[in-house]
Chemist: 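Got a structure for you, written out below as structure tokens; questions coming shortly.
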Amino acid sequence: MTTTALITGANKGIGYEIARQFGEQGITAIVGARDEERGRAAADRLGQPYVRLDVTDEAGVQAAAEWIEREYGALDILVNNAGVAVLQDDLRPSATSAAALRQTYEVNVFGVVIVTNAMLPLLRKAPAARIVNLSSELGSLTVAADPDSPFWPRNFLAYNSSKSALNMLTLSYAKELWGTPIKVNLANPGFCATDLNAHTGFRTAEQGAAVAVRLATLDADGPTGAFFQEEGPLPW
Ligand code: NAP
């Protein structure tokens, strides 16, 4: 039986790498991307299917779910990877506009809810579905509150708080699905060189994708409602 996965924002960066690594395992990795041309080009490179998916467009996401149901009947893996870091000249919290906060939350928070709610009926049809949400150490309250942490100066109000919100909503879904075969976990890829950070990261997208792929392919004994990076669990 084939395993089918949907990855949001899979036309480039870590999402593309997750789709590539799924392919290596024989998983059908549906490349979700908002731009049809770039999405199809990525899917063609990977030899995988493409679906148009802007995570902020509820009707479009619903149409994508209907297409997946028609083509595959169920969904085994959902990776909520699409994310943004909205650029501003001055990133101090006091200089962050509500508009920048809204723009960030539309994708990093509300988009995850829109996609998860639309895909959940398909995930419930799979024997043991896995949901993986791409978070960050910058979303950890424990890390953010530690003056000795190397992340202390990286005080980005919109991005960091969007990932903290994502952490809580991941836990909320894990609790709703507690006792079902569905597992819902958070992956921190680490600081990877991608367009998100103008390629300043010191890890590769390939390295960053690995933890998400591992959480997406956990067996029945694996955790749910957990926050992981490559080296192990992260503090909330
Ligand atoms: P990236 O290279 O900038 O890729 C982001 C992806 O999200 C792109 O495919 C982008 O599509 C897509 N996206 C943005 N808005 C979207 C929308 N409304 N609908 C659908 N797709 C949308 O960034 P990345 O580094 O691979 O990031 C992937 C995830 O890892 C993000 O959630 C990020 O927060 C997280 N993360 C990254 C790092 C890091 O160091 N890179 C660290 C921790 C966590 P377009 O090409 O159309 O813009």
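First listed ligand is number 1; within each ligand, the first listed atom is number 1.
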Chemist: Could you name the option among Gly111, Cys192, Ser135 that has the heavy atom nearest to atom 41 (N) of ligand 1?
Modeler: Cys192
Chemist: Pick one of side chain, backbone, both or neither for how Tyr16 approaches ligand 1, counting any non-hydrogen atom pair under 4.0 Å.
Modeler: neither
Chemist: Go through the structure and list residues passing ring-ring contact (aromatic ring centres under 6.0 Å, His included) with Trp152, not counting sequence neighbours.
Modeler: none
Chemist: Tell me, which protein residue and heavy-atom name are nearest atom 6 (C) of ligand 1, and how many Å apart are they?
Modeler: Gly9 O, 3.8 Å
Chemist: Is it the case that ligand 1 has an N or O less than 3.5 angstrom from some N or O of Ile14?
Modeler: yes
Chemist: Consider every N or O of Asp35 and every N or O of ligand 1, then say whether any pair is closer than 3.5 Å.
Modeler: no
Chemist: Would you check whether Arg34 has a nitrogen or oxygen atom less than 3.5 angstrom from a nitrogen or oxygen atom of ligand 1?
Modeler: yes
Chemist: Please list the nearest protein heavy atom to atom 13 (N) of ligand 1 with its residue and the distance rounded to 0.1 Å.
Modeler: Ala82 CB, 3.8 Å
Chemist: Looking only at distance, does Asn188 have an N or O less than 3.5 Å from an N or O of ligand 1?
Modeler: no
Chemist: For Phe110, what residues pass the ring-ring contact (aromatic ring centres under 6.0 Å, His included) criterion, not counting sequence neighbours?
Modeler: none
Chemist: Heavy atoms only, cut-off 4.0 Å: how does Glu106 contact ligand 1, side chain, backbone, both, or neither?
Modeler: neither
Chemist: What residue and heavy atom of the protein are closest to atom 4 (O) of ligand 1, and at what distance?
Modeler: Lys12 CE, 3.7 Å
Chemist: What atoms in ligand 1 come closer than 4.0 Å to a heavy atom of Ser136?
Modeler: 43 (C), 44 (C)
Chemist: State the atoms of ligand 1, each with its element, that fall below the 4.0 Å cut-off from a heavy-atom position in Phe191.
Modeler: 40 (O)
Chemist: Main chain of Thr170, side chain of Asn133: is a donor-acceptor contact present, judged purely on distance under 3.5 Å?
Modeler: no
Chemist: Taking the six-membered ring for Trp, are Trp236 and Phe227 parallel (under 30°), tilted (30 to 60°) or perpendicular (over 60°)?
Modeler: tilted
Chemist: Please determine if Thr56 has a nitrogen or oxygen closer than 3.5 Å to a nitrogen or oxygen of ligand 1.
Modeler: no
Chemist: If the contact criterion is a heavy-atom separation under 4.0 Å, does Thr8 count as touching ligand 1?
Modeler: no
Chemist: For atom 31 (C) of ligand 1, which candidate among Val61, Asn81, Val79, Val84 provides the closest heavy atom?
Modeler: Asn81
Chemist: Can you confirm, on distance only, whether ligand 1 has an N/O atom lying under 3.5 Å from any N/O atom belonging to Glu137?
Modeler: no
